[in-house]
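The structure appears right after this line, and notes come after that.
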2 protein chains.
Amino acid sequence: MMKAIEIPKSLIEETIARIREAILSGELPLGSKLSEQRLADMLGVSRSPVAQALAILKTEGLVEIYPKRGSYVYLPDARDVSEMCEYRSILETAALTLSLERQKAGLLSSLRGAMQAMETALQAKDLKAYSQHDMAFHLAFLAHCENRRLEAAYARTISSVIGVRTHVFLSGSSHSERSMAEHRQIFAACEAGKAVDACRLLKAHIHRLDEDFGASLGGADSIG
Amino acid sequence: MMKAIEIPKSLIEETIARIREAILSGELPLGSKLSEQRLADMLGVSRSPVAQALAILKTEGLVEIYPKRGSYVYLPDARDVSEMCEYRSILETAALTLSLERQKAGLLSSLRGAMQAMETALQAKDLKAYSQHDMAFHLAFLAHCENRRLEAAYARTISSVIGVRTHVFLSGSSHSERSMAEHRQIFAACEAGKAVDACRLLKAHIHRLDEDFGASLGGADSIG
DNA sequence: CGCGGTAATGTAACATGTTACATGGCAGTT
DNA sequence: AACTGCCATGTAACATGTTACATTACCGCG
């Protein structure tokens, strides 16, 4: 049987993905200037798809646009990060509660898989892999909550969190062992069906980024 | 003292606002086809700003884009509306809780103002005004929660809710008196500082749209 | 030395031209 | 009548040209 030929994504989608990736990986540092023309040249496309991509990334909070002057990678201050974490924890605890009600078995199975991968990565000291599976752990709540709007909203907001986390990682203010322990606790609460406890733990866990970001500001004035 | 001259908004912003308004008012019915060219002609602009506007409206969930084929006003089914309401109630109850913690006095004052305006509009049987002040009531929670991300997320999501509500209004399945009573209850709970009760009432109130939408589907097959 | 004006440059906003894709109808074949 | 492929049309994706705005540096003048 022949396989369907793969339809190439639109240039805009591709451009969005590339720029987002560059920001999340730290290749385009927080606060750095983005010229449509330069980005277009780098990616080998014209300015149109770049302009549209930046407009979309703005709605994700990853890019700030100053009309006629230029665009910049977002540069959160402590308050921004704080609000970001609070918002994220609102979405994620809601998703946790719903998925525990609606797809508990599937949720636990996904969480278990992510946790095992995290343990492995931690022992191998592979921080990148750890980070990916950490993300998978959190995405599991969204994948099983049976609300596509909530899932989409989370996807839209999580990018900027990852961007901050990359920055924190690069500045060396992260604590993987504690993080791992917290994930284990959250999982245990979910398994026991204690939604309220799980939410409390999850909220505290998410707000840890706040502290780490503060530490990264104090430790090294790497931003700006 | 001279007043600052007003800077004309960008065409894109203006285009977004116009198209959004047309959808929310029912001028462009749910599910109807949108041609970039026709919209550009109607608004007297070129296709570029229209294309960008549609891309943004897509992220708000107001428009669906099928590559190379055309764009359409969103056409939610019962499940979509259900998820929309659930998502909205997640954001709004979170905002209620936060604003009660952080700016209780300001919140109560805004709520009171909105409620009085609603009463007046109800007595005058001015449904349009009622609807606007109803919206102001709900926005008060967001305005006082001190989390700009949450506020922005709400702004992005509320459009599609309004679009559905317009449809419900037009099909005559709305119940303003009951709505008014619910707002009074929510306000009372807030005033008493009973956040949990207020959230429960608010959630039920928001999900009322669900029922009304169902009724509008059954009563008249006006969609599609 | 400070100030006002101006010119140069970078930038995106916007318009428009070109291309490729999706669709529907129609004709030709059986 | 049914099926097949072609063509006409509508559509947006993308590229590029043009314009207007914002910022900066500089220069001449007080």
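Treat the numbers as computed from the prediction; the structure is a model and nothing was measured. Letters A, B, ... are given to chains in the order of the sequence lines, protein chains preceding strands, and every chain is numbered from 1.
Under the 3.5 Å distance criterion, with hydrogens and angles disregarded, a donor-acceptor pair is assigned to the side chains of Arg165(B) and Ser131(B). With 3.5 Å as the limit, one finds no donor-acceptor pair spanning the side chains of Gln52(B) and Gln52(A). Gln37(B) and Asp41(B) form a side-chain donor-acceptor contact under 3.5 Å, judged by distance and modelled atom types alone. In this structure, a donor-acceptor pair under 3.5 Å is present between the side chains of Tyr130(A) and Ser179(A).
The 12-atom threshold is not exceeded at NZ of Lys203(B), counting heavy atoms of other residues, nucleotides or ligands nearer than 6.0 Å.
Listed by chain and number, the residues in a ring pair (Phe, Tyr, Trp, His ring centres under 6.0 Å) with His133(A) amount to none (sequence neighbours excluded). Shown here are the side-chain hydrogen bond (donor to acceptor under 3.5 Å, both in side chains) partners of Arg102(A), two or more places apart in sequence or in another chain: Glu86(B). Scanning for side-chain contact (heavy atoms from CB on, under 4.5 Å) contacts around Ser109(B) gives an empty result, with sequence neighbours left out. Contacts of Ser32(A) classified as side-chain contact (heavy atoms from CB on, under 4.5 Å), with partners at least two apart in sequence or in another chain: Leu28(A), Pro29(A), Val73(A). In this view, Arg18(A) satisfies the side-chain hydrogen bond (donor to acceptor under 3.5 Å, both in side chains) rule with no residue, not counting sequence neighbours. Phe141(A) meets the ring pair (Phe, Tyr, Trp, His ring centres under 6.0 Å) test with Phe137(A); sequence neighbours excluded. In this structure, the ring pair (Phe, Tyr, Trp, His ring centres under 6.0 Å) partners of His138(A), at least two apart in sequence or on a different chain, are His183(A), His205(A). Not counting sequence neighbours, the partners of Leu24(B) by the side-chain contact (heavy atoms from CB on, under 4.5 Å) test are Arg20(B), Leu62(B), Ser159(B), Ile162(B).
Boundaries of the chain B contact region on DNA chain C are dC14(C) to dT23(C), first to last in 5' to 3' order (nucleotide atom under 4.0 Å from a heavy atom).
Across all strands, Lys33(B) comes closer than 4.0 Å only to sugar-phosphate atoms, never to a base (heavy-atom distances). Nucleic acid contact class of Ser48(B) (heavy atoms, under 4.0 Å, all strands): base.
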### Query
So what is the 5' to 3' dot-bracket string for DNA chain C, if pairs are Watson-Crick or G-U wobble with both distances under 3.5 Å, crossing pairs use [ ] and | means the partner sits on another strand?
||||||||||||||||||||||||||||||
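A residue-by-residue look at Arg38(B) and Arg47(A) shows that Arg38(B) has its nearest nucleotide of DNA chain D further toward the 5' end. Mapping Leu54(B) and Ser46(A) onto DNA chain D via the closest heavy atom, the residue that lands nearer the 5' end is Leu54(B).
Taking every heavy atom of residues 56-74 of chain A and every atom of DNA chain C, pairs under 4.0 Å involve Lys68(A), Arg69(A), Gly70(A), Ser71(A), by number. Using a 4.0 Å cutoff on non-hydrogen atoms, no part of residues 14-23 of chain A comes near DNA chain D.
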